[in-house]
Visitor: 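The structure is given below, and queries will be raised subsequently.
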Amino acid sequence: MAATLTCACFYNSNVAGMVSRKQLETMKTSRKSGLVKNRKFCKSASLTRNRSNDEKGLVEPRAVSPTETLCNFVDSGCMGDALYLFEKMNHFDSYLWNVMIRGLTNNGFFTEAIQFYGRMEYEGVRADNFTYPLVIKACTGLLSLTEGQKVHGKLVKIGLDLDVYVCNSLTVMYAKVQCIEFAERMFCEMTVRDLVSWNSMINGFVSVRDGWSSLVCFWEMQAQGMKPDRFSMISALGACSLERCLQSGKEIHCHVLRCGFQVDIMVQTSLMDMYSKCNRMDYAERLFDRMFPKNVVAWNAMIGGYALNAHPLHSFACLKKMQDADNFSPDVITLINVLPSCAQLQALLEGRSIHGYAIRKGLLPHSILETSLIDMYGECGALNLSERVFGLINGKNLVCWNAMLAAYVQNGWNSEALCLFRVIWYQPFTPDAFTFSSILPTCSELASLREGKQIHSFVLKSELGINTFILNSIICMYAKCGELGTAREVFDRMLYKDVISWNTIIMAYAIHGFGRIAVQLFSEMKEKGFKPNESTFVSMLSSCSISGMVNEGWEYYNSMKRDYNIDPGIEHYGCMIDLLGRTSNLELAKRFIEEMPFLPTARIWGSLLTASRNTGNIELAELAAKHILSLEHDNTGCYVLLSNMYAEAGKWQDVERIKCLMIKKGLQRTKGCSLVEFNSKTCRFINEDRSHAETNMIYDVLDIITRKIGEDIYLHSVTKFRPLDLGKRRANSPQKHSVRLAISFGLISTTIGSPVLVRKNTRICNDCHRAAKKVSEITRREIIVGDSKVFHHFRDGHCSCGDYW
DNA sequence: TGGATTGTAC
């Protein structure tokens, strides 16, 4: 038969638009290896079945027509056999061609289906109203707008573009290739709309992730007297899931019950999915428990739901139960759904086991699974594994690139992220909102305002120029790069602000120490009808803490529950401890920690440590440090801060002890560096740096500044420090700290009178903070230093942080 | 003669 098949195909290889021998072989191999989507199990065809009965002499052999046999082959997915038979038959009737195109399309051979249609036309068989919906379905499967439009053009020419089946197929095709405007036009211009037309449009909006339009369409359909069916319900529930709209979801659930669709397993799984996306796992569980029998989709929905709702252990338990109780093997979707749980638990071992399972079961390559693996490895800090998976992906799509980019950014691999972003830039697809939102924080981390501005200008020129999600990231980027004014400008010009926009701009003013403006913005936000959320109060409490507005801070803290029914979370407690630290009421701060309804985190103890340092309370600092190190044994910052406190108190033995501990644990102080932008380039300085081209001039300026302020530093320090000890013990002189070199360079490289902006990767030290205040006074220049925590605006000898940071 | 379009989990 193989020989005949080859001959048949070879014979046809001279015909334009036919299925070639090679393609046919691919079909057979694909079927074998399970590569083809929607593959049906290849049951024994009726020819064989009849022969067998005949041989046994049990049943009178029934004559089966070739047409019937062809249909049987197609229905069983045996496309090779179907094609062989087709070539043997007289195929002047469009019916047989339609059967073949249907078979090819339904078995995932979209290109071949379109080619078959081409051959049909070439051989002079007229494609009819049954052919076109199938051909359009093949174009949809290929996600090919070009092929789809070619067919559409032909339909207009032959006048079949009014057929309701054809129009429905075109609506679906346009929506699936993300051309929703074309889909809408198709739908609106239809003279007759049936239930499938409405369903296609409802689901079309879901395809482009526009849940609200889908729901509007769903209600409109009913207003026009069309009764929704299970397809309508499933799509509308998908829309609720997209918009996380529990209210509409519940309404549709009522509809489902009224219409008796609750027994439909697909409707049930759609309901479960909707409830889990709306964060109501309790409802999803109730439906799931009542479902019998359960299928893999239902199990997957639950596993994914638990992961989405941050219940990773439940997700694992559900996976185990699915295998034990129902004897289902995990499929690709199961793995995709459970991987975020591994990430949440930082369970690298489990993540790797899942990866191994996917390889063993032949589930890879699969672009979505590979993307999920990149995410998981990235969140577990195993970037080398993320890179390995990424490197092996064939035909990387934008989502894969975004996942790798996010993995770099999450792990602080900022330079790598920026390099990858530049590669994405030259790919044949356009970066999307996720790409920009991932890369923008990197610009602020690297103090690369130039890069950030370039991205901003690209966004403005593109259709993303009004995208709230990206503009929020841009506001944050400008604020963290020190350009608070530009951040405000972007905020003011935004067409669609959301609560995150307000939280971001309030936080921007907070980190720059402009608490009063943050308060004004908070009132404005409420006046404009935005409801403050948990994050708003993190911004407000941070703002009060940084700007030293203690009473206001208490007022906001108390109003959270009283006026907005928001329970303070651990973040809010952290801000309050910072605030209490300002009042030097350390006992109260300590009691606050003891009485809060959460287990204190290292961040909480860190706030107490900072407060202890500012009041010189070594005993309390030691207690806080002990707690921090029990939670994060490698917290370098904690060691450094404690060591500095010992040094300031002249406890040199303790300084040595901390130093030894750090060596023993293999920890190193973060190397401090300061950055200044000059001529769109970032100049980097380390302590005692002499690498800059203008180094002589920088040191000349530094000498003048040091002479002018030098005595003041030690006059101030004399009671606290012991200059003799300092001279002996401090290896690097604070006078040559990176931040001062950067300030000196900033002073000579910028226009007289303009502010000098310096970014620093670690907290500014007390000496440099005092020096910067003096420099701002004697040079009459504003000096802005953004350190790892806040922005210090030094003006006329004062700092915006009120000397507490 | 017959046949076609819409659907759950990523």
Side-chain angles (χ1 to χ4, degrees), chain A residues 65 67-68 70-71 74-75 93-103 105-106 127-138 140 160 163-173 175-176 183 186-187 190 193-207 217 221 228-239 241 256 261 264-274 276-277 284 287-288 291 294-308 318 322 330-340 363 366-373 375 399 403:
Chain A
S65 73
T67 306
E68 199 182 331
L70 184 79
C71 288
V74 162
D75 290 339
D93 183 357
S94 69
Y95 176 76
L96 290 181
W97 289 88
N98 292 347
V99 169
M100 284 305 290
I101 296 172
R102 173 168 64 87
T105 305
N106 289 345
D128 57 19
N129 54 324
F130 292 100
T131 319
Y132 284 103
L134 291 164
V135 178
I136 298 163
K137 195 177 176 182
T140 311
L160 261 179
D163 181 278
V164 71
Y165 281 86
V166 166
C167 290
N168 291 345
S169 310
L170 282 169
T171 307
V172 173
M173 185 273 294
K176 287 272 162 58
M186 276 308 306
F187 178 77
M190 281 172 80
R193 286 185 207 113
D194 64 5
L195 183 57
V196 179
S197 319
W198 284 96
N199 289 348
S200 303
M201 204 56 238
I202 294 167
N203 195 53
F205 284 120
V206 174
S207 303
C217 197
M221 158 194 192
D229 67 354
R230 52 194 291 275
F231 287 91
S232 333
M233 303 285 182
I234 291 166
S235 300
L237 286 168
S241 303
V256 165
F261 292 131
D264 186 307
I265 195 154
M266 277 193 188
V267 174
Q268 284 175 335
T269 36
S270 300
L271 277 165
M272 280 165 47
D273 179 57
M274 179 275 294
S276 76
K277 296 266 168 62
L287 285 168
F288 183 66
M291 184 187 262
K294 298 171 176 41
N295 63 5
V296 184
V297 181
W299 281 102
N300 287 348
M302 289 307 284
I303 294 168
Y306 283 126
L308 183 79
C318 201
M322 163 182 154
D331 65 5
V332 177
I333 310 293
T334 320
L335 306 191
I336 293 168
N337 282 357
V338 81
L339 281 170
L363 299 174
H366 184 287
S367 73
I368 302 175
L369 179 56
E370 285 162 322
T371 308
S372 305
L373 284 166
D375 280 337
V399 185

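Residue numbers begin at 1 in each chain, while the letters A, B, ... track the order of the sequences.
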Visitor: I want to verify a distance call: between B:dT6, B:dA4, B:dC10, whose nearest atom is closest to the A:F231 side chain?
Guide: B:dT6
Visitor: Would you name the heavy atoms of A:Y95 and A:C71 that are closest together and state the gap between them?
Guide: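 Nearest pair, atom of A:Y95 first, then A:C71: OH-SG, 3.8 Å.
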Visitor: What is the distance from CD1 of A:I234 to P of B:dT6, rounded to the nearest Å?
Guide: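 Between P of B:dT6 and CD1 of A:I234: 13 Å.
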Visitor: To the nearest Å, give me how far apart CG (A:L170) and P (B:dT6) are.
Guide: 12 Å
Visitor: Between atom CD1 in A:I336 and atom P in B:dT8, what is the gap in whole Å?
Guide: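 A:I336 atom CD1 is separated from B:dT8 atom P by 15 Å.
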Visitor: Measure the distance from CE on A:M272 to P on B:dC10 and round it to the nearest whole Å.
Guide: 11 Å
Visitor: Side chain of A:D331: nearest nucleotide among B:dT5, B:dA9, B:dC10?
Guide: B:dA9
Visitor: Between A:K137 and A:S169, is there a donor-acceptor pair closer than 3.5 Å when you use the side chain of the first and the backbone of the second?
Guide: no
Visitor: Base, sugar-phosphate, or nothing for A:N295, non-hydrogen atoms under 4.0 angstrom?
Guide: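 Touches nothing.
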Visitor: Quick check for you: among B:dA4, B:dA9, B:dC10, whose closest atom lies nearest to any side-chain atom of A:R102?
Guide: B:dA4
Visitor: Does A:V297 reach a base, just sugar-phosphate, or nothing at all? Heavy atoms under 4.0 Å.
Guide: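 Base contact.
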Visitor: Choosing from B:dA9, B:dT5, B:dT8, which nucleotide comes nearest the side chain of A:N168?
Guide: B:dT5
Visitor: Given atom CH2 of A:W198 and atom P of B:dT6, what is their separation to the nearest angstrom?
Guide: 19 Å
Visitor: Could you state the CZ-C1' distance from A:F130 to B:dG2, rounded to the nearest angstrom?
Guide: 9 Å
Visitor: What's the closest nucleotide to the side chain of A:V172 if the choices are B:dT5, B:dT6, B:dC10?
Guide: B:dT6
Visitor: Would you kindly give the CG-to-P distance between A:N337 and B:dT8, to the nearest whole Å?
Guide: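 In whole Å, B:dT8 P lies 15 Å from A:N337 CG.
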Visitor: Would you say A:K277 reaches B:dC10's phosphate, i.e. side-chain N/O to OP1/OP2 under 4.0 Å?
Guide: yes
Visitor: Within the 3.5 Å criterion, strictly below it, is a donor on A:T334 or A:D331 matched to an acceptor on the partner's side chain?
Guide: yes
Visitor: A:N199 and side chain to side chain contact (heavy atoms under 4.5 Å, CB included): which single residue from A:I234, A:D194, A:D229 fits?
Guide: A:D229
Visitor: Please report, rounded to the nearest Å, how far the P atom of B:dT6 is from the CG atom of A:D264.
Guide: 17 Å
Visitor: With the side chain counted from C-beta on, respond yes when A:V172 and A:S207 share a heavy-atom pair under 4.5 Å apart, and no when they do not.
Guide: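 No. Closest side-chain heavy atoms not under 4.5 Å.
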Visitor: How would you label the contact of A:D128 with the nucleic acid (heavy atoms, under 4.0 Å): base, sugar-phosphate, or nothing?
Guide: base
Visitor: For A:D375, answer base if it contacts any base atom (sugar-phosphate contacts may also be present), sugar-phosphate if it contacts only those atoms, and nothing otherwise; contact means non-hydrogen atoms under 4.0 Å.
Guide: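 Touches nothing.
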Visitor: Going by centres under 5.5 angstrom and planes under 30 degrees, do the aromatic ring of A:Y132 and the base ring of B:dA4 stack?
Guide: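 Taking the rule of under 5.5 Å and under 30°, the ring of A:Y132 does not stack on B:dA4.
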Visitor: Which part of the nucleic acid, if any, lies within reach of A:T67 when heavy atoms closer than 4.0 Å are counted: base, sugar-phosphate only, or nothing?
Guide: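 Counting heavy atoms under 4.0 Å across all strands, the contact made by A:T67 includes a base.
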Visitor: With distance as the sole test, does A:N168 use its side chain to make a donor-acceptor pair with the main-chain N or O of A:V164 at under 3.5 Å?
Guide: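 Yes, the answer is positive, given that a donor and an acceptor are paired below the 3.5 Å cut-off.
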Visitor: Choosing from B:dT5, B:dT6, B:dA9, which nucleotide comes nearest the side chain of A:S169?
Guide: B:dT5
Visitor: Contact class for A:T371 (heavy atom, under 4.0 Å): base, sugar-phosphate, or nothing?
Guide: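 Nothing: the residue A:T371, judged by heavy atoms under 4.0 Å, touches no strand.
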Visitor: Categorize A:S270 for me: base, sugar-phosphate, or nothing, with a 4.0 angstrom heavy-atom threshold over every strand shown.
Guide: sugar-phosphate
Visitor: Of the candidate nucleotides B:dT6, B:dA4, B:dC10, which contains the atom at the shortest distance from the side chain of A:V196?
Guide: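 Nearest to the side chain of A:V196 among the choices is B:dT6.
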Visitor: Can you identify which nucleotide, out of B:dT6, B:dA9, B:dT5, has its nearest atom closest to the A:I333 side chain?
Guide: B:dA9
Visitor: Would you say the base of B:dA4 stacks on A:Y165 (centre-to-centre below 5.5 Å, plane angle below 30°)?
Guide: yes
